[in-house]
Amino acid sequence: SHFLHSVAALAYIVTRDYDQAVTLGHKGLALDPNSIPCGWASAVANLYSGQMEAATRSVIRSVELSQRGPILLGTLGLILAKAGRRDEALEIRAELETRAATEYIGPVSTLYVDIGLGDEELLRESLERNIEAQTGPTSLSVGLIPDLDLLREQPGLGALVRRLSLYAGR
């Protein structure tokens with residue numbers, strides 16, 4: 001099923017085997033072109049395997065299908081920022097912040113955008129919000145983003161990343 005393909009693709013993303021994740025995401029989308037989980041997994045896998053255009057296409061489709069679901073918007077912001085489209089990423093971030101005033105928007109969504117933007121102050125604030133919300137190792141959506149591995153070693157942000165308890169088993 002497309003859902004099982006998406007779960008397997010996400011597992012490969014967590015283990016940083018992006019080629020396998022891309023393959024499984026594509027197979028899942030072949031089974032159901034409207035599969036939001038497969039589209040999300042494909043977007044993340046394509047991003048970290050260097051296929052920026054495929055990542056962008058996949059996440060935009062998933063954002064549309066999800067009617068602008070927060071985690072998908074955050075992923076779009078991440079991808080746009082990494083593609084050098086900072087202004088568009090900031091617009092996505094502003095949309096998430098505006099919506100958070102009237103509906104629940106998990107802090108991981110904004111963290112994705114802030115990781116892409118690479119602004120240390122925004123990252124610090126996002127990490128603190130995730131700590132306050134008790135986002136942690138059970139949140140697959142946080143474990144998907146390898147950029148946190150790099151941030152763990154940064155003097156100003158590493159302690160916050162470690163407080164998310166993501167790295168106890170690594």
Would a hydrophobic clustering, with Ile, Leu, Val, Met, Phe, Trp and Tyr connected at side-chain separations under 4.5 Å, put Ile105 with Val59? yes
Tell me the ring pair (Phe, Tyr, Trp, His ring centres under 6.0 Å) pairs involving residues 56-78, sequence neighbours left out? none
Hydrophobic clusters here meaning ILVMFWY residues chained together by side-chain heavy-atom distances under 4.5 Å, can you tell me if Leu29 and Ile60 are in one? no
Scanning both residues in full, the closest heavy-atom pair of Gly74 with Val113 reads O-CG2, 3.7 Å
Pairs touching residues 56-100 that satisfy ring pair (Phe, Tyr, Trp, His ring centres under 6.0 Å), sequence neighbours left out: none
Any side-chain heavy atom of Leu31 within less than 4.5 Å of one from Ser1? no
Looking at every heavy atom in both Ala45 and Ala21, which two are closest together, and how far apart are they? CB-CB, 3.6 Å
Salt bridge (charged side-chain N to carboxylate O under 4.0 Å, His left out): which pairs involve residues 100-114, sequence neighbours left out? Arg93-Asp114, Arg99-Glu103
By ring pair (Phe, Tyr, Trp, His ring centres under 6.0 Å), Tyr18 pairs with (sequence neighbours left out) Tyr48
Is there a path of hydrophobic side-chain contacts, each under 4.5 Å between heavy atoms of I, L, V, M, F, W or Y residues, that connects Leu96 with Val44? yes
How many angstroms lie between OH in Tyr112 and CD1 in Ile79, if you round to the nearest 0.5 Å? 10.0 Å
How does the hydrophobic cluster around Tyr12 look, that is, which other residues are in it when side-chain heavy atoms under 4.5 Å mark a link? Leu24
List in chain and number order the residues that pass side chain to side chain donor-acceptor pair (under 3.5 Å) with Thr75, two or more places apart in sequence or in another chain; answer none if no residue qualifies. Trp40
Contacts of Glu128 that satisfy side chain to side chain contact (heavy atoms under 4.5 Å, CB included) - sequence neighbours left out: Arg124, Leu160
What are the two closest non-hydrogen atoms of Gly39 and Ser58, and how far apart are they? O-OG, 2.7 Å
Distance col, row Leu123:CG vs Leu157:CG, nearest 0.5 angstrom, shows 5.5 Å
Kindly write out the residues that satisfy side chain to side chain donor-acceptor pair (under 3.5 Å) with Ser66, not counting sequence neighbours, or none if the list is empty. none
Residue pairs passing the salt bridge (charged side-chain N to carboxylate O under 4.0 Å, His left out) test where at least one lies in residues 47-73, sequence neighbours excluded: Arg68-Glu95
To the nearest 0.5 Å, how far apart are CD1 in Ile92 and CG in Asp87? 12.0 Å
Pairs involving residues 76-86, ordered by first then second residue, that meet side chain to side chain donor-acceptor pair (under 3.5 Å) (sequence neighbours left out): Lys82-Asp147, Arg85-Glu88
Quick check for you: to the nearest 0.5 Å, what is the distance between Ile36 atom CD1 and Cys38 atom SG? 10.5 Å
For the atom pair OG (Ser42) and NZ (Lys27), what is the distance rounded to the nearest 0.5 Å? 12.5 Å
At what distance, to the nearest 0.5 angstrom, does CG of Leu78 lie from CG of Leu117? 9.0 Å
Can you name the closest pair of heavy atoms from Pro37 and Ser6 and give their distance? CB-OG, 3.4 Å
Minimum side-chain heavy-atom gap Leu72-Gln67 below 4.5 Å: no
Holding to salt bridge (Lys or Arg N to Asp or Glu O under 4.0 Å), I want the full list of residues that pass it with Glu125, two or more places apart in sequence or in another chain. none
Apply the hydrophobic cluster definition, ILVMFWY joined by side-chain contacts under 4.5 Å directly or through others, and give me every member besides Phe3. Val7
Heavy-atom pair of closest approach, residues His2 and Ser35: ND1-OG, 2.9 Å
Nearest heavy-atom neighbours spanning Ala41 and Leu10: CB-CD2, 3.8 Å
